[in-house]
Amino acid sequence: MPSRKEEQPSLLSTIANTIRKVPRGRVSTYGAIAKAAGYPRNARYVALVLRRVAGLPWQRILGSGGRIALRGEAALEQRFLLEAEGVRFRGRTVDLAIFEHKFPSKTRRAATKRQASC
DNA sequence: AGGGTGACGATCA
DNA sequence: ATGATCGCCACCC
């Protein structure tokens, strides 16, 4: 029996799971993560999750436009880690057109799989 | 219980 | 292009 508290569908785990889906060598943004998780207004919360939850590929999450949102040394470390994964920077930003991970959209489910069943 | 806060995002000067 | 401001919203104290 589920206990009296429902912590299962928590925002935190939902967003954390979404973050984990970003593959190595790819990046995503706070807004995109929030949206993919189903909470488009919670970009800020994504950042909180990254701080709170350990073991996430935190370096793959960037601000809008592919900017690094961190400051100081942490920003340098993030850039270093990303470049080590093969993500290349153009100036201070990552070219999202190339490196942004596309999340499967809920609304159009299995557009590609659909062909397989055909 | 209430208000300040932020690894954001979009807009304006 | 950079910097300031506002809106957002769950978290944290």
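Chain identifiers are assigned alphabetically (A, B, ...) following the order of the sequence lines, protein sequences preceding nucleic acid strands; residue numbering begins at 1 within each chain.
Using a 4.5 Å cut-off on side-chain heavy atoms (C-beta onward), A:I68 and A:F89 make contact. A:I98 has its side chain out of reach of A:R90: every pair of non-hydrogen atoms, C-beta onward, lies at least 4.5 Å apart. Side-chain contact check for A:V49 versus A:L56: some heavy-atom pair is nearer than 4.5 Å. Taking 4.5 Å as the limit, some side-chain heavy atom of A:E77 sits within range of a side-chain heavy atom of A:W58. You'll find the side chain of A:Q78 reaches within 4.5 Å of the side chain of A:L62, heavy atoms only.
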Exercise for review: If a protein heavy atom is under 4.0 Å from the base, mark B; if only from the sugar-phosphate, S; if neither, -; do that for nucleotides 5-13 of chain C going 5' to 3'.
Suggested key: --BBSSSS-

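Look at CZ on A:R67: it is 12 Å from P on C:dG3, rounded to the nearest Å. As a whole-Å value, the separation of A:I68 CD1 from B:dC8 P is 12 Å. Rounded to whole Å, atom C1' of B:dG9 lies 16 Å from atom CD1 of A:I61. Here B:dG9 presents its C1' atom at 14 Å from CG of A:L62, a figure rounded to the nearest Å. Taking atom CH2 of residue A:W58 and atom P of nucleotide B:dG6, one finds them 19 Å apart after rounding to whole Å.
Within the structure, a side-chain polar atom (N or O) of A:R92 is placed less than 4.0 Å from OP1 or OP2 of C:dT2.
Comparing B:dG4 with C:dC6, their P atoms sit 15 Å apart, to the nearest whole Å. For the P atoms, the distance linking B:dT5 with C:dT5 amounts to 16 Å, nearest Å.
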Taking distance alone, no hydrogens or angles, what donor-acceptor pairs closer than 3.5 Å link side-chain atoms of residues 21-40 of chain A to residues at least two apart or in another chain?
unit_1 : atom_1 : unit_2 : atom_2 : d
A:T29  : OG1    : A:A32  : N      : 3.1

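Taking the side chain of A:T29 as heavy atoms from C-beta on, and the options C:dT2, B:dG9, B:dA7, the nearest nucleotide is B:dG9.
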